[in-house]
2 protein chains.
Amino acid sequence: MERELLLLGLLRREDMHGYQLHEFIERNMTSCTDLKKPTAYHLLEKMTERGWLQPSPAQAGNRPARRVYRITPAGEAAFQALLRENVATHYPAYFTGNIGLAYLDALPAPEALARLRERHTSLAAELARLTAVPPHAGSLQWLIDHQRHHLRAELDWLETLIQHLTAVE
Amino acid sequence: MERELLLLGLLRREDMHGYQLHEFIERNMTSCTDLKKPTAYHLLEKMTERGWLQPSPAQAGNRPARRVYRITPAGEAAFQALLRENVATHYPAYFTGNIGLAYLDALPAPEALARLRERHTSLAAELARLTAVPPHAGSLQWLIDHQRHHLRAELDWLETLIQHLTAVE
DNA sequence: TTCTGAATAGTCCAGATTGACTATTCAGGA
DNA sequence: TCCTGAATAGTCAATCTGGACTATTCAGAA
């Protein structure tokens, strides 16, 4: 559902073909979703069947023909509805990485600490990488700001956890 | 992969059947994953085929026989490996709800604000609900602490966003 | 005692997802 | 010019996922 909103929103700004869409999402929207290429193509086909998109073959140079999608009025209507829903709702995020925390007591304390420090390192690196990104234009910047805020909070929490575990030895 | 860690970890503490496992996960681990019942059964079957679990039919009262799973030594080995990996790694969380934020400029500013306030309300309610939960025993408490910390950060961020948008009118 | 709705236990199958693959184009080096 | 590896564009088959379903048990109301 939200992946459809994502694709519609991009097509609203500009006609694009599948590869292009996937490329953009992978480069700029990794904090929202992890959309694989075949899934993107599948979604585009589905939305075309529904009449939300109008594909047209396009030739560029002598590359093989690509299917370029344009959003239809029905697609725009769907976008509007999905957007309103999305903005008004709080969607939970799932923390796969916390499953291990639930079983932390199965690990010898020193090893647990060592591994958590490893996690801390990659998390800090990720945050540093993100902080180095030059400011983007438009609403996309909110995504980066949010991600930064979120990673900062994760790092804080991880540090508290490590401190706690260190205290107990 | 992480869902397997989750199931193995529970079966390590106690033999259980599918319904029981799913029930527990739904009640206590919603912050880590959203594991549907049929998926849980599917995973249990797969792990059994791999030799990680040993199912045995169990009769309780005159209920229909249930398949009760016990973790095998191979399963314990898999658990250890998965746990170490999980603890040492930072897994990104995906914020489906931010897709809409990327397209916020497609909404009239007053409406965007109204909808974000709606989101704020449900987020605050969720946090309040969580804060009311009495402390749990053992490592599971980390999950609750983390979730609380995370929701607090989300709420802070949402408030900043709303303020920003209000300032621009 | 009988009935009803909730809880328990699990399954089916339609549809979503993705790892791995094909095939073409293109830039640059030898 | 020819070759190689990266980028472009998309597809296939196998697996994973979950909405909707069946069926039994149980507690309490009538």
Side-chain angles (χ1 to χ4, degrees), chain A residues 1-8 10-11 14-30 32-50 52-53 55-70 82 91-92 94 96 99, chain B residues 1-8 10-11 14-30 32-50 52-53 55-70 82 91-92 94 96 99:
Chain A
M1 202 85 278
E2 302 81 20
R3 285 137 115 93
E4 295 178 352
L5 172 62
L6 181 52
L7 291 168
L8 287 173
L10 293 178
L11 288 173
E14 190 184 351
D15 296 355
M16 283 197 250
H17 56 90
Y19 188 83
Q20 224 173 134
L21 285 159
H22 172 255
E23 199 66 2
F24 185 89
I25 291 170
E26 195 156 77
R27 284 198 203 296
N28 302 288
M29 326 274 287
T30 28
C32 299
T33 190
D34 180 24
L35 182 64
K36 297 300 193 310
K37 203 141 43 92
T39 311
Y41 282 98
H42 173 69
L43 253 28
L44 289 169
E45 206 172 318
K46 243 187 23 176
M47 291 196 287
T48 302
E49 276 163 26
R50 264 185 228 149
W52 292 4
L53 300 179
S56 65
Q59 207 73 38
N62 48 355
R63 304 190 125 282
R66 296 165 303 187
R67 221 187 314 285
V68 169
Y69 292 92
R70 161 165 304 177
L82 289 172
Y91 296 89
Y94 296 104
T96 320
I99 293 175
Chain B
M1 200 86 278
E2 302 81 20
R3 285 137 114 92
E4 294 178 352
L5 172 62
L6 181 53
L7 291 168
L8 287 172
L10 293 178
L11 288 174
E14 191 184 350
D15 297 355
M16 284 197 251
H17 56 90
Y19 189 84
Q20 225 173 134
L21 284 160
H22 173 255
E23 199 65 2
F24 185 89
I25 291 170
E26 194 155 78
R27 284 199 204 296
N28 301 288
M29 326 273 287
T30 27
C32 299
T33 191
D34 180 23
L35 182 64
K36 296 300 192 308
K37 203 143 41 94
T39 310
Y41 282 97
H42 173 70
L43 253 30
L44 289 169
E45 208 170 318
K46 243 188 21 175
M47 292 197 287
T48 302
E49 275 163 28
R50 264 185 228 149
W52 292 5
L53 301 180
S56 64
Q59 207 72 40
N62 49 355
R63 306 191 123 280
R66 295 166 302 186
R67 220 186 314 284
V68 169
Y69 292 92
R70 162 166 304 177
L82 289 173
Y91 296 89
Y94 296 104
T96 319
I99 294 176

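A note on names: the letters A, B, ... follow the listed sequences, proteins ahead of strands, and every chain is numbered from 1.
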Atom [atom1] of [X] to atom [atom2] of [N]: distance rounded to whole Å?
X	N	atom1	atom2	value
B/Gln20	D/dT25	CD	P	18 Å
A/Arg66	D/dT8	CZ	C1'	9 Å
A/His22	D/dA7	NE2	C1'	14 Å
A/Met47	C/dA16	CE	P	12 Å
A/Met16	D/dA9	CE	P	13 Å
A/Met1	C/dG15	CE	P	15 Å
A/Glu45	C/dA16	CD	P	11 Å
A/Leu43	D/dT11	CG	P	15 Å

> When we call it a touch if two heavy atoms are under 4.0 Å apart, what does B/Glu23 touch: a base, just sugar-phosphate, or nothing?
Replying inline: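 Sugar-phosphate: the residue B/Glu23, judged by heavy atoms under 4.0 Å, touches backbone atoms but no base.
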>> Please classify the nucleic acid contact of A/His17 as base, sugar-phosphate, or nothing, using heavy-atom distances under 4.0 Å.
In response: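 Since only primed, P, OP1 and OP2 atoms lie under 4.0 Å of A/His17, the category is sugar-phosphate.
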Can you figure out which of [options] approaches the side chain of [X] most closely?
X	options	result
A/Lys46	D/dC16, C/dA16, D/dA9	C/dA16
B/Tyr41	D/dT17, C/dA9, D/dT11	C/dA9
A/Tyr19	C/dT17, D/dT17, D/dA9	D/dA9

>> Could you check whether atom CD of A/Gln20 has more than 12 heavy atoms from other residues, nucleotides or ligands sitting under 6.0 Å from it?
In response: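 Correct, the count exceeds 12.
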> To the nearest 0.5 Å, what is the distance between OG1 (A/Thr30) and CG (A/Asn28)?
Replying inline: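 The CG atom of A/Asn28 is 7.5 Å from OG1 of A/Thr30, to the nearest 0.5 Å.
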> If you measure from NE2 on B/His22 to CG on B/Leu44, what distance do you get to the nearest 0.5 Å?
Replying inline: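 Between B/His22 NE2 and B/Leu44 CG, I get 11.5 Å after rounding to 0.5 Å.
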>> Whether A/Arg67 contacts D/dT11 is assessed here as follows: a side-chain N or O lying under 4.0 Å from the phosphate OP1 or OP2. Is that the case?
In response: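 Result: yes.
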> Please walk me through it: do A/Leu10 and A/Ile25 pass side-chain contact (heavy atoms from CB on, under 4.5 Å)?
Replying inline: CA-CA 9 Å; A/Leu10 293 178; A/Ile25 291 170; 3.7 Å; yes
> Mind checking what makes salt bridge (Lys or Arg N to Asp or Glu O under 4.0 Å) contact with A/Glu23, not counting sequence neighbours?
Replying inline: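 Testing A/Glu23 for salt bridge (Lys or Arg N to Asp or Glu O under 4.0 Å), a comparison that skips the adjacent residues, returns A/Arg27.
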> Among all residues two or more places apart in sequence or in another chain, which pass the salt bridge (Lys or Arg N to Asp or Glu O under 4.0 Å) test with B/Glu2?
Replying inline: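 For B/Glu2 there are no salt bridge (Lys or Arg N to Asp or Glu O under 4.0 Å) partners, ignoring immediate neighbours.
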> Along nucleotides 18-23 of chain C, 5' to 3', which nucleotides get a B, which get an S, and which get a -, given that the test is a protein heavy-atom distance under 4.0 Å?
Replying inline: BB----
> Where the side chain of B/Tyr41 meets the backbone of B/Tyr19, is there a donor-acceptor pair that is under 3.5 Å apart?
Replying inline: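 Yes: the side chain of B/Tyr41 pairs with the backbone of B/Tyr19.
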